[in-house]
Amino acid sequence: MHGNGRNEDGGAPRVVVGVSGSLGSLAALHRGVAEARRRGAVLVPALAWEPPGGEHGYRRSPCPPLLAAVREAAERRLTEALDAAFGGAEPGVPLRPVVIRGETGPALVHLADRPDDLLVLGRSGGPLRRRLRRSVSAHCARTAGCPVLTVPVPELLHDLETLHRRTRWHLPVGPAPELVAAKG
């Protein structure tokens with residue numbers, strides 16, 4: 001699971017999927033499997049990780065044991081995301097999971113470096129998170145040398161966000177009045 005995932009599969013076409021463990025990335029994994037099946041490609045689920053404090057912070061005060069622990073945690077997150085997505089079953093396509101060190105957007109673009117690769121990304125995080133952090137999908141769409149497919153947020157996530165807002169503001173959690181009116 002280590003390395004950059006670039007030369008392990010020879011010249012076979014690849015579908016590289018950015019994985020974070022979010023619902024959006026799990027939806028991207030499922031779409032990546034479908035695309036890999038359609039193309040006869042290898043599925044490369046990739047999780048990017050950085051040292052605490054980023055690369056600049058790590059260079060100022062390196063700590064190899066901490067770095068190894070963070071890398072192992074990234075490997076566990078990727079394994080857990082794959083288990084969550086596929087329920088422990090094989091996805092039915094060749095699978096080459098990889099953890100790659102670096103900021104997410106540039107690391108994924110570096111990994112999906114062939115013109116015939118397909119980079120699949122899911123949207124994750126709420127509006128506040130998207131404002132505070134740079135958009136990985138926008139970065140990849142601007143700089144990737146291969147096609148980039150952004151999978152929409154699953155409908156379930158919209159429902160969960162709505163439920164969360166309603167409970168935070170102490171509003172009734174039952175069916176929304178507009179849904180009741182539409183059914184009747």
Side-chain angles (χ1 to χ4, degrees), residues 1-10 12-55 57-58 62-114 117-126 129-130 133-137 139-140 144 146 148-154 156-157 160:
M1 211 181 297
H2 294 287
N4 59 15
R6 296 170 86 187
N7 297 321
E8 297 169 4
D9 49 8
R14 301 180 305 171
V15 174
V16 178
V17 181
V19 177
S20 67
S22 68
L23 283 177
S25 74
L26 297 181
L29 267 171
H30 284 276
R31 181 62 184 266
V33 168
E35 291 295 328
R37 236 183 239 122
R38 191 173 68 76
R39 295 166 175 251
V42 174
L43 183 68
V44 182
L47 187 138
W49 64 277
E50 291 184 276
E55 293 296 336
Y58 182 75
C63 179
L66 177 62
L67 192 66
V70 173
R71 182 180 53 245
E72 288 171 13
E75 290 172 354
R76 271 193 312 277
R77 268 183 48 210
L78 180 57
T79 301
E80 289 167 1
L82 292 173
D83 287 344
F86 305 126
E90 292 295 318
V93 295
L95 187 68
R96 305 270 187 310
V98 63
V99 293
I100 186 166
R101 182 175 171 175
E103 189 179 347
T104 305
L108 290 172
V109 168
H110 178 74
L111 181 60
D113 61 346
R114 302 179 193 161
D117 285 345
L118 174 65
L119 181 55
V120 181
L121 304 167
R123 300 215 34 202
S124 62
R129 182 177 173 134
R130 285 192 294 265
R133 301 184 79 192
R134 293 189 297 174
S135 168
V136 171
S137 55
H139 173 82
C140 292
C146 67
V148 176
L149 174 62
T150 303
V151 178
V153 175
L156 176 61
L157 188 57
L160 288 173

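Closest approach of A84 and L26 over heavy atoms only: CB-CD1, 4.2 Å. For the residue pair L121 and S137, the shortest heavy atom distance occurs at CD1-CA, 3.6 Å. Here the closest non-hydrogen pair linking L82 and P97 is CD1-CB, 4.0 Å. Shortest non-hydrogen contact noted between D117 and L111 is OD2-O, 4.1 Å. The minimum heavy-atom distance linking C146 with A112 is given by the pair SG-O, 3.7 Å. Between A48 and A107, the shortest heavy-atom contact is CB-CB, 3.9 Å.
Residues L95 and P45 are in side-chain contact: their nearest non-hydrogen atoms beyond the backbone lie under 4.5 Å apart.
The cationic group of R101 lies under 6.0 Å from the six-membered ring centre of Y58 and within 45° of the ring axis, placing it in a cation-pi geometry.
Between atom CD1 of residue I100 and atom CG of residue L108 there is a gap of 7.5 Å, rounded to the nearest 0.5 Å. Interatomic distance, OG1 of T104 versus CD of E50, reported as 6.5 Å (0.5 Å rounding). With rounding to the nearest 0.5 Å, the separation of CG in L43 from CG in L118 is 10.0 Å.
Proximity of a side-chain donor or acceptor of R77 to a complementary backbone N or O of V19 within less than 3.5 Å is not detected. The backbone N or O of R14 sits nowhere less than 3.5 Å from a side-chain atom of R39 that would complete a donor-acceptor pair.
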Show every donor-acceptor pair shorter than 3.5 Å between a side-chain atom in residues 27-34 and any protein atom, with sequence neighbours excluded, or say none if there are none.
from: H30; atom 1: NE2; to: A85; atom 2: O; distance (Å): 2.8
from: R31; atom 1: NE; to: E35; atom 2: OE2; distance (Å): 3.3
from: R31; atom 1: NH2; to: E35; atom 2: OE2; distance (Å): 3.4

